[in-house]
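Inspection log for the structure reproduced underneath, given as structure tokens.
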Amino acid sequence: MLRKWMVFGLSAGILIAFAGAGFGLTDDESELEKVMEKVNKANNAIKKGVRTPVAFKKMHKDAAKQSKEMVKLAKASKPIKEAVGRAKNEANPQKKWDELMDDFIEKSEKLAGTANKTEPDYDDTKKAFSAVSKTCSDCHKVFRVEDEKF
Ligand code: HEC
């Protein structure tokens with residue numbers, strides 16, 4: 001009887017250890033991943049807002065707010081250097097990173113400027129958003145080598 005309980009206690013202990021390791025894994029995100037998830041959230045909100053002129057009428061204020069958030073996030077991600085070493089076929093990955101980040105920051109600032117006008121224009125905002133989206137994929141092609149969804 002005593003042994004049975006010991007075995008049970010031991011397996012429960014192992015289970016808890018496994019569960020803990022599992023949680024550890026999901027928590028083991030890089031700093032850049034965390035920022036990118038926020039970037040993605042802002043991006044999706046803006047995308048929704050510029051989908052159609054009707055959506056824009058309803059949601060341009062939120063899109064404008066999120067575009068300001070995007071500028072902040074772009075600036076916050078530039079100094080995170082953890083992905084720089086992952087570049088493939090780049091002679092000077094640090095320089096490339098800075099260029100791509102500067103482009104991301106610049107295009108986001110343009111979008112924020114356009115979207116935050118008193119009477120923002122749908123086509124201008126949509127165009128400015130497309131320019132930002134291009135900077136996402138331009139960088140992911142070089143630095144996010146394992147996955148090119150965005
Ligand atoms: C200058 C480089 C750069 C730019 C610009 C950039 N990203 Fe990323 N992004 C990365 C890198 C590098 C990773 C991979 C991070 C990792 O796995 O550690 C990444 C990862 C991601 C991820 C996955 C996060 C996760 O949890 O694994 C998403 C989503 C994402 N980016 C969305 C975007 C969107 C949307 C934009 C543009 C609005 C954007 N990124 C702009 C470099 C960039």
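Counting starts at 1 for both ligands and their atoms, in listed order. Not measured: the values here are computed from a predicted model.
- With ligand atoms numbered from 1 in the order given, ligand 1 contributes 5 (C), 37 (C), 38 (C) to contacts under 4.0 Å with heavy atoms of F104.
- Not a single heavy atom of K34 sits closer than 4.0 Å to an atom of ligand 1.
- By the 3.5 Å distance cut-off applied to N or O atoms, N40 is not counted among the residues near ligand 1.
- Proximity of S77 to M101: side-chain heavy atoms (C-beta onward) are separated by under 4.5 Å at one or more points.
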Give the table of side-chain donor-acceptor pairs shorter than 3.5 Å for residues 113-124, with sequence neighbours excluded, one pair per line with atom names and distance.
unit_1 : atom_1 : unit_2 : atom_2 : d
T114   : OG1    : K110   : O      : 2.9
N116   : ND2    : A64    : O      : 3.1
N116   : ND2    : A112   : O      : 2.8
D121   : OD2    : D123   : N      : 3.2
D121   : OD2    : D124   : N      : 3.0
Y122   : OH     : V50    : O      : 2.8
Y122   : OH     : R51    : O      : 3.1

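- Every residue two or more places apart in sequence or in another chain that forms a side-chain contact (heavy atoms from CB on, under 4.5 Å) with A131 is listed here: K107.
- Contact between K78 and ligand 1 is absent, with no heavy atom of the residue lying under 4.0 Å from the ligand.
- Under a cut-off of 6.0 angstrom, the local environment of CD in E99 is crowded, with over 12 non-hydrogen atoms contributed by other residues, nucleotides or ligands.
- Our summary of the site lists the angle at atom 8 (Fe) of ligand 1 between SD of M36 and NE2 of H140 as 170°, to the nearest 10 degrees.
- Ligand-side atoms of ligand 1 in range of T135: 5 (C), range being under 4.0 angstrom from any heavy atom.
- Heavy atoms of A83 found under 4.0 angstrom from ligand 1 belong exclusively to the side chain.
- Within ligand 1, counting atoms from 1 as listed, the ones closer than 4.0 Å to a heavy atom of L32 are 11 (C), 12 (C), 15 (C).
- Ranked by closest heavy atom to atom 2 (C) of ligand 1, the top entry among S30, C139, S137 is C139.
- For K81, the NZ atom sits in a packed shell: over 12 heavy atoms of surrounding residues, nucleotides or ligands are nearer than 6.0 Å.
- The heavy atom nearest to atom 27 (O) of ligand 1, out of those in K96, K141, E33, is found in E33.
- Taking a cut-off of under 4.0 Å to the non-hydrogen atoms of F143, the atoms of ligand 1 that pass are 12 (C).
- Between atom CE of residue M59 and atom CD1 of residue I46 there is a gap of 12.0 Å, rounded to the nearest 0.5 Å.
- We find the CZ-NZ distance between F104 and K78 to be 12.5 Å, quoted to the nearest 0.5 Å.
- If you number the atoms of ligand 1 from 1 as listed, the ones under 4.0 Å from a heavy atom of N43 come out as 35 (C), 38 (C).
- In terms of modelled atom types and a separation under 3.5 Å, the side chain of E82 and the main chain of L32 share a donor-acceptor contact.
- Looking at heavy atoms from C-beta onward, K38 lies out of side-chain contact with K72 at the 4.5 angstrom threshold.
- In terms of polar-atom proximity, defined here as any N/O pair under 3.5 Å, E37 does make such a contact with ligand 1.
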